[in-house]
Amino acid sequence: MTARLESLTQQRLEKLAKLRSRGVDPYPRRYQRSHTAQQAAALFQESEGKGGSLPPVSVAGRIMTHRFMGKAAFLDIRDGSGKIQGYFRVDQIGEAKYELLKELDIGDFVGVTGSLFRTHTGEITVKATDFVLLSKSLLPLPEKWHGLVDVEKRYRQRYLDLIANPEVKSTFLARSKLVSGLRRLLDERGFVEVETPILQDMAGGASARPFITHHLALDRDLYLRIATELHLKRLIIGGFDKVYEIGRVFRNEGIDFKHNPEFTTMESYEAYADYNDVMQMVETLVSSLAQQVLGSHQGKWGEQTIDFTPPWPRITLRDAIKKYSGIDFEDCPDESSLREAMARINLVAPDLRGRGKLIDKLLSAHVEPQLVQPTFLLDYPVEMSPLAKRKPDDPRLVERFEAFAGGMEIANAFTELNDPVDQRQRFEDQARLRKELGDEEAEVADDDFLEAMEYGMPPTGGLGMGIDRLVMLFTNQSSIREVVLFPQLKSRNKEE
RNA sequence: GGGCCGGUAGCUCAGUGGUAGAGCACCUGACUUUUAAUCAGGGUGUCCGGGGUCCGAAUCCCCGCCGGCUCACCA
């Protein structure tokens, strides 16, 4: 801590000692408040028209600003519901109490009792008859006018960000609303919410590198899940016809404005449904959520407006790539011919191996950024989708779609592969990718899952949605760090 | 991981080689309806860290740490 900050804290510690010496407990146990700031204001507004007198109220919160004027003072007090002003006069609370008031600082918590009135300037205010210190603060809050701007500090000390920047709090309230709304919508549709293991023997269900941890008693490495898919499908096999999980998954990849190493997904699986059913569900869910969170089917996205009203346009992956890059990947049946075609449009990816990865590259480079309005891309090459069922008329493609909006992928879904013989073959193909092309993200074979499928799995439509990105879309935030309360940052400690 | 930009008071920022600054916050005093209260006075600092150049470095050079943007990879 710097010398200067220490002296500020020292001042506050001295005030604290002074308060204690006058018999004040700076950290009392509880406070009986009668109203939140918002409730108190509402109470006053309701009674205002009718006349008559109101009983006194007790409110509590953090002192945000104060204006002392000799023998009277105004304090702005903020609680979780909002802000209310307190008015303190020597002749109302007495000399002794008024002296104590002067020992309070911005940042302290207080409880204030008094009657509600409106000041000359029109602000609803508690005229204090008494107050009590609820908690003394020792560190100064960020400045009231400019707030807290330093991005690093905002993320590392999110509590200060929440205190200083009200719009940050509203972003996370929107997130909470979205998640609870999603849960309610799924419950209403008869989906059962479940929880599956985060610590796993092997991390499957997606292409990504996992985090490794170690179990001491078992003396073996375990992986943090990269998806909930394979366990949820086991539950479909076990007889849950509609299941979902909203949960954290972990991927050991780079960190940037779209990626946090831990993020939240919603995956759902519905027996007897296919990807067409799921597509309809996605557009219905997202547009209802927009209605619930934004109060409209439309949302601002930078300079643009995104309209979530269903139905969303549906275009095959092949046509989309053809449209935005000019390349028809059907004309390039193997990796080298596709690589050549891509080189002709100056898209080189020397680090990528395999035709599937190259198609994915075309998608992310040329198509994805164009898809601002909600759009479904369908029918992906089988080599990109080892867990999806093939198209009946074209075994090179699978019944898979991804939903895009705001230039980001927000959902990924398919008719689930339920043919155990084909699934085993696909795992083997993935193992070959891993071995021959060094693709560390290739799907790992999960024999236990295969065995489950061999007992018989009904036709199933599965879905994965990125909750963080949905929140970004709904709150018009361009960085995932703005929708994750405590995003991952490098350690500030210099020790290795 | 690469490139670019940034790190100065508690907060927000100015300061391109010559005595470290402003506003807010804080401290002292005045003020009984203020609200970015006002008025008078007070600057409280590891200029991110470590080296180097120079008579002299917040400023120039090198190395490192942290962050932002961007590219690569991923969702």
Side-chain angles (χ1 to χ4, degrees), chain A residues 1-12 14-15 64-76 83 85-93 98 105-107 117-123 125 127 137-157 160 163-164 206-209 226-227 249-265 348-352 357 360-361 364-365 368 402-404 408-412 439-441 464-470 472 478-481 487 489-496:
Chain A
M1 199 183 280
T2 64
R4 172 125 177 255
L5 189 54
E6 257 167 31
S7 79
L8 289 172
T9 299
Q10 196 50 43
Q11 285 169 5
R12 294 199 178 199
E14 281 161 18
K15 287 180 180 177
M64 298 307 293
T65 63
H66 57 199
R67 295 171 290 281
F68 278 87
M69 289 168 302
K71 296 189 171 62
F74 290 90
L75 270 60
D76 286 343
K83 188 199 92 174
Q85 182 172 252
Y87 177 44
F88 301 77
R89 296 169 58 114
V90 176
D91 57 10
Q92 285 275 325
I93 62 172
Y98 196 80
D105 288 297
I106 289 172
F117 77 111
R118 204 182 272 279
T119 63
H120 290 161
T121 48
E123 181 155 348
T125 302
K127 185 183 273 181
S137 71
L138 300 180
L139 290 170
L141 289 177
E143 191 224 342
K144 60 187 169 186
W145 190 239
H146 297 93
L148 185 64
V149 174
D150 184 322
V151 178
E152 184 176 354
K153 206 172 180 69
R154 287 184 47 229
Y155 297 157
R156 289 192 196 277
Q157 292 175 277
L160 291 180
I163 292 168
S207 355
R209 285 187 299 196
I226 57 174
V249 297
F250 308 84
R251 298 190 184 176
N252 211 337
E253 310 281 358
I255 299 175
D256 65 24
F257 71 99
K258 263 201 241 181
H259 301 91
N260 196 55
E262 51 181 308
F263 62 105
T264 303
T265 60
V348 289
D351 297 338
L352 296 182
K357 289 266 174 189
D360 203 36
K361 177 74 192 173
S364 58
E368 194 170 345
E402 292 188 302
F404 295 86
M408 295 186 292
E409 180 196 333
I410 56 169
N412 178 24
D439 182 359
E440 287 183 67
E441 290 164 357
M465 280 208 306
I467 299 300
D468 310 87
R469 289 190 180 172
L470 213 49
M472 286 168 68
S478 56
S479 168
I480 194 170
R481 297 189 191 99
L489 298 178
K490 281 193 196 170
S491 169
R492 223 173 183 182
N493 299 335
K494 281 180 192 147
E495 51 203 327
E496 288 288 76

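Within every chain, numbering begins at 1; the chains are lettered A, B, ... in the order of the sequence lines, protein sequences first and strands thereafter.
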Checklist outcome for this item: Rounded to whole Å, CD of Gln157(A) lies from C1' of G67(B) at a distance of 14 Å

Item to check | Whole-Å distance separating the CZ atom of Arg154(A) from the C1' atom of G7(B) | outcome: 17 Å

Item to check | Nearest-angstrom distance, P atom, U16(B) to G3(B) | outcome: 27 Å

Item to check | Integer angstrom distance from the C1' of C26(B) to that of G45(B) | outcome: 15 Å

Next on the checklist: Whole angstroms only, please: what is the NE2-C1' distance between His120(A) and U32(B)?
Outcome noted: 12 Å

Checklist entry - OG1/Thr125(A) to NZ/Lys127(A) distance, rounded to the nearest 0.5 angstrom? => result 10.0 Å

Checklist entry - NE2/His66(A) to CD1/Ile106(A) distance, rounded to the nearest 0.5 angstrom? => result 4.0 Å

Next on the checklist: If you assign each of Ser479(A) and Phe263(A) to its closest nucleotide in RNA chain B, which residue comes earlier from the 5' end?
Outcome noted: Ser479(A)

Next on the checklist: Before you tell me yes or no, could you show the steps for Arg89(A) and Lys71(A) under side chain to side chain contact (heavy atoms under 4.5 Å, CB included), namely the whole-Å CA-CA distance, both residues' side-chain angles and the distance that decides it to 0.1 Å?
Outcome noted: CA-CA 6 Å; Arg89(A) 296 169 58 114; Lys71(A) 296 189 171 62; over 6 Å; no

Next on the checklist: Quick one: does any side-chain atom of Asn412(A) pair with a main-chain N or O of Glu402(A) as donor and acceptor, under 3.5 Å?
Outcome noted: no

Checklist entry - So which nucleotide does U38(B) pair with, by the Watson-Crick or G-U wobble rule with both distances under 3.5 Å? => result A30(B)

Checklist entry - Taking atom types as they are modelled, is there a donor-acceptor pair under 3.5 Å from the base of U33(B) to the side chain of Glu123(A)? => result no

Next on the checklist: Using the P atom as the point on both nucleotides, what is the distance between C61(B) and C5(B), in whole Å?
Outcome noted: 11 Å

Which atom pairs link the protein and nucleotides 70-72 of chain B when you take only N or O atoms and keep those under 3.5 Å?
none

Checklist entry - Mind checking the C1' distance from A22(B) to G43(B)? Whole angstroms is fine. => result 11 Å

Item to check | Options U32(B), C66(B), G68(B), nucleotide nearest the side-chain atoms of Glu152(A) | outcome: C66(B)

Next on the checklist: Set out, in order, the CA-CA distance, both residues' side-chain angles and the distance that settles salt bridge (charged side-chain N to carboxylate O under 4.0 Å, His left out) for Glu123(A) and Lys83(A), then state yes or no.
Outcome noted: CA-CA 11 Å; Glu123(A) 181 155 348; Lys83(A) 188 199 92 174; 3.8 Å; yes

Checklist entry - Starting at CD1 of Ile163(A) and ending at P of A25(B), how long is that distance when rounded to a whole Å? => result 17 Å

Checklist entry - Say you pick atom P in C66(B) and the same atom in A72(B); how far apart are they, in whole Å? => result 24 Å

Checklist entry - When we call it a touch if two heavy atoms are under 4.0 Å apart, what does Ser207(A) touch: a base, just sugar-phosphate, or nothing? => result sugar-phosphate

Next on the checklist: Classify Glu253(A) by what it touches in the nucleic acid, base, sugar-phosphate, or nothing, heavy-atom distance under 4.0 Å.
Outcome noted: sugar-phosphate

Next on the checklist: Taking the minimum atom-to-atom distance to the side chain of Thr119(A), which one of C13(B), U33(B), U32(B) wins?
Outcome noted: U33(B)

Next on the checklist: At 4.0 Å (heavy atoms only), tell me whether Asn260(A) reaches a base, stays on the sugar-phosphate, or touches nothing.
Outcome noted: base

Checklist entry - Between C13(B), G67(B), U34(B), which one does the side chain of Arg156(A) approach most closely? => result G67(B)

Next on the checklist: Let me spell it out: for each of Ala206(A) and Arg89(A), pick the nucleotide of RNA chain B with the closest heavy atom. Which residue's pick is nearer the 5' end?
Outcome noted: Arg89(A)

Next on the checklist: Which residue is it: Ile255(A), Asp468(A), Val151(A)? I am looking for the one with a side chain to side chain contact (heavy atoms under 4.5 Å, CB included) to Arg481(A).
Outcome noted: Ile255(A)

Checklist outcome for this item: When rounded to whole Å, the NZ to P distance for the pair Lys153(A) and C48(B) reads 15 Å

Item to check | For atom CZ of Phe74(A) and atom P of A37(B), their distance in whole Å | outcome: 12 Å

Item to check | Nearest atoms (heavy-atom pairs only) where Met465(A) meets Ala411(A) | outcome: CG-CB, 3.7 Å

Next on the checklist: Looking at Arg251(A) and Ile226(A), would you say the former's side chain and the latter's main chain have a donor-acceptor pair under 3.5 Å?
Outcome noted: yes

Extract from the structure each pairing of a protein N or O with an N or O of nucleotides 26-28 of chain B at less than 3.5 Å, listing the distance.
unit_1, atom_1, unit_2, atom_2, d
C26(B), OP1, His66(A), NE2, 3.3
C26(B), O2', Gln11(A), OE1, 2.4
C26(B), O2', Gln11(A), NE2, 3.3
C27(B), OP1, Lys15(A), NZ, 2.5

Item to check | Listed nucleotide nearest any side-chain atom of Asp150(A), set U12(B), C11(B), U33(B) | outcome: U12(B)

Next on the checklist: Regarding Leu489(A), tell me which of base, sugar-phosphate or nothing describes its non-hydrogen contacts under 4.0 Å with the strands shown.
Outcome noted: sugar-phosphate

Next on the checklist: Classify the ring geometry of Tyr98(A) against Phe68(A): parallel below 30°, tilted from 30° to 60°, perpendicular beyond 60°.
Outcome noted: perpendicular

Item to check | Integer-rounded Å distance: U34(B) P and Phe117(A) CZ | outcome: 10 Å

Checklist outcome for this item: Nearest heavy-atom approach of Ile163(A) to Met64(A) is CG2-CE, 3.8 Å

Checklist entry - Using atom C1' of each nucleotide, how far apart are G23(B) and A9(B) to the nearest Å? => result 12 Å

Checklist entry - How close or far is atom C1' of C24(B) from atom CH2 of Trp145(A), stated in whole angstroms? => result 11 Å

Next on the checklist: Considering every strand and a 4.0 Å limit on heavy-atom distances, what is the contact class for Gly464(A): base, sugar-phosphate, or nothing?
Outcome noted: nothing

Item to check | Euclidean distance for P, U38(B) against A57(B) (whole angstrom) | outcome: 41 Å

Checklist outcome for this item: Paired to C13(B) by Watson-Crick or G-U wobble criteria (both distances under 3.5 Å) is G21(B)

Checklist entry - Counting only side-chain N and O atoms of Arg67(A), is one of them less than 4.0 Å from OP1 or OP2 of A37(B)? => result yes

Next on the checklist: Suppose you measure atom P in G18(B) against the same atom in C11(B); what distance do you get, rounded to whole Å?
Outcome noted: 27 Å

Item to check | OP1 or OP2 of A25(B) under 4.0 Å from side-chain N/O of Lys144(A) | outcome: yes

Next on the checklist: My understanding is that only one of Glu143(A), Gln157(A), Arg154(A) makes a side chain to side chain contact (heavy atoms under 4.5 Å, CB included) with Leu148(A); could you say which?
Outcome noted: Arg154(A)

Checklist entry - So, is Arg481(A) near the phosphate of C69(B), with a side-chain N or O under 4.0 Å from OP1 or OP2? => result yes

Item to check | Nucleotide forming a Watson-Crick or wobble pair with G67(B), both distances under 3.5 Å | outcome: C5(B)

Checklist entry - What residues form a side chain to side chain donor-acceptor pair (under 3.5 Å) with Gln11(A), not counting sequence neighbours? => result none

